[in-house]
Amino acid sequence: MTEVHKNSQCAAFYSLDKPRREAIAMLFEDQLPDELIAKKVNRTRRTLAKWKNDPKFQKGQLAYKYVVIKQDYESDAIKKLSDLLEAKSEMVQLQAANSILKLSGMLSDNSTPELDKAKIRKANAEADIAEQKAQQLSNNVTDDLTINIVRNDRSVENEKADNN
């Protein structure tokens with residue numbers, strides 16, 4: 001059974017009693033049938049089946065899996081990615097760099113620097129619109145609000161490039 005260190009990442013695992021934790025570890029290792037796992041934790045096969053359907057037990061399984069994988073494979077995976085930064089193929093280098101950035105939280109699966117900038121511009125524009133609407137309401141203005149959105153030259157160039 002793999003040793004798992006207590007931390008916030010595995011709180012769901014450690015909130016369970018010892019028989020459930022042992023069952024989770026044996027289920028993760030996937031070397032014994034459910035009947036033997038139940039016997040080793042002094043429970044019936046039916047009890048183990050109930051545990052497996054319990055949301056707390058399932059969360060404990062996820063926590064255990066996360067921590068074991070992190071503990072046993074994360075450093076090797078990062079070393080391999082680092083080695084791949086020196087690969088002959090530029091595509092492999094790019095994929096390794098993107099993976100490292102994603103792991104560090106600096107890049108998400110559906111994010112690029114350009115997309116992030118566009119999201120920021122959109123959020124700022126929406127905030128400006130909301131501010132103007134709030135100002136109109138607070139001034140008790142009853143006529144329609146007109147908001148002009150001014151685009152800079154770079155936005156026009158990006159749109160033209162996207163259309164081509």
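In what follows, residues are counted from 1 in the order of the sequence shown.
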Any side-chain heavy-atom pair of [X] and [Y] under 4.5 Å:
| X | Y | answer |
| --- | --- | --- |
| Ile100 | Leu85 | yes |
| Leu48 | Arg43 | no |
| Lys122 | Lys119 | no |
| Lys80 | Asp76 | no |

inquiry  = When you group the ILVMFWY residues by side-chain heavy-atom contacts below 4.5 Å and let the links chain together, are Leu36 and Met26 in the same group?
reply    = yes
ask   = Should Val41 and Leu32 be counted in the same cluster of Ile, Leu, Val, Met, Phe, Trp and Tyr side chains packed under 4.5 Å apart?
value = yes
Roughly how far apart are [X] [atom1] and [Y] [atom2], rounded to 0.5 Å?
| X | Y | atom1 | atom2 | value |
| --- | --- | --- | --- | --- |
| Asp17 | Trp51 | CG | CH2 | 6.0 Å |
| Asp54 | Lys59 | CG | NZ | 10.0 Å |
| Arg20 | Leu27 | CZ | CG | 12.5 Å |
| Ile37 | Asp30 | CD1 | CG | 8.0 Å |

inquiry  = For residues 81-100, which residue pairs pass the side chain to side chain donor-acceptor pair (under 3.5 Å) check, not counting sequence neighbours?
reply    = none
request  = Would you check, one step at a time, whether the test side chain to side chain contact (heavy atoms under 4.5 Å, CB included) holds for Ile129 with Lys133?
outcome  = CA-CA 6 Å; Ile129 292 168; Lys133 286 181 180 179; 3.9 Å; yes
request  = Please work out whether the ring planes of Tyr64 and Phe13 are parallel, tilted or perpendicular, with thresholds of 30° and 60°.
outcome  = tilted
query = Are any side-chain N or O atoms of Asn53 and backbone N or O atoms of Ala49, one a donor and one an acceptor, separated by less than 3.5 Å?
reply = yes
remark   = Looking only at heavy atoms, the pair that brings Leu16 and Gly60 closest together is CD1-CA, 4.1 Å
inquiry  = How close do Phe28 and Ile69 get, counting heavy atoms only, and between which atoms?
reply    = CZ-CG1, 4.5 Å
